[in-house]
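Working notes for the structure below.
Predicted model, so just to flag it, every value in this text is computed and none were measured.
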Amino acid sequence: MSGNRKKRVLDSVRRVRAVWTGARGWRGRFARSDRGMTTSEYAMGTIAACGFAAVLYKVVTSGPVLSAMQSLIEDALDAKF
């Protein structure tokens with residue numbers, strides 16, 4: 001590679017590197033990192049999980065679901081092999 005061509009390639013590489021570094025630098029200064037949840041997000045997630053568990057418990061312990069589960073278990077135990 002001739003000296004002039006090598007210089008142009010290196011200049012191009014330096015320009016691309018400068019733009020890339022500048023973009024990362026801007027992102028690092030102004031963008032929010034999404035690497036983890038904050039305390040309020042943990043609290044909201046915990047409340048939502050508890051609410052879902054309460055609704056699921058009410059559904060599973062309701063009359064129609066209990067009778068359906070009971071008949072399913074009885075049919076499984078009375079199966080002929």
Side-chain angles (χ1 to χ4, degrees):
M1 192 181 292
S2 69
N4 195 18
R5 181 177 166 101
K6 187 175 182 179
K7 182 181 181 311
R8 283 187 296 169
V9 169
L10 287 175
D11 286 343
S12 296
V13 169
R14 285 187 189 112
R15 277 196 302 274
V16 168
R17 188 178 291 159
V19 168
W20 188 254
T21 304
R24 269 190 290 166
W26 179 85
R27 183 171 184 255
R29 285 192 297 268
F30 297 107
R32 180 178 169 262
S33 173
D34 288 334
R35 288 168 45 180
M37 291 194 307
T38 62
T39 304
S40 61
E41 290 169 332
Y42 276 116
M44 293 303 294
T46 303
I47 290 170
C50 290
F52 181 71
V55 169
L56 187 62
Y57 178 76
K58 283 292 191 183
V59 168
V60 170
T61 57
S62 68
V65 175
L66 275 177
S67 64
M69 285 176 39
Q70 185 177 6
S71 68
L72 182 71
I73 292 172
E74 287 174 356
D75 290 344
L77 291 176
D78 291 337
K80 304 280 190 251
F81 289 103

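Here Asn4 contributes atom CG and Lys6 contributes atom NZ; the two are 12.5 Å apart, rounded to the nearest 0.5 Å.
Applying the side chain to side chain donor-acceptor pair (under 3.5 Å) rule to Thr46 yields no partners; only residues at least two apart in sequence or on another chain are considered. Met44 meets the side-chain contact (heavy atoms from CB on, under 4.5 Å) test with no other residue; sequence neighbours excluded. Partners of Asp78 according to the side-chain contact (heavy atoms from CB on, under 4.5 Å) rule, which considers only residues two or more places apart in sequence or in another chain, do not exist here. Among residues two or more places apart in sequence or in another chain, the salt bridge (Lys or Arg N to Asp or Glu O under 4.0 Å) test is passed with Asp75 by none.
Under the 4.5 angstrom side-chain criterion for Ile, Leu, Val, Met, Phe, Trp and Tyr, the cluster partners of Ile73 are Leu77.
When all heavy atoms of Val65 and Val60 are compared, the closest pair comes out as CG1-O, 3.7 Å.
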Would you tabulate the side-chain donor-acceptor contacts of residues 48-59 under 3.5 Å, counting partners in other chains and residues two or more places apart, or write 'none'?
none

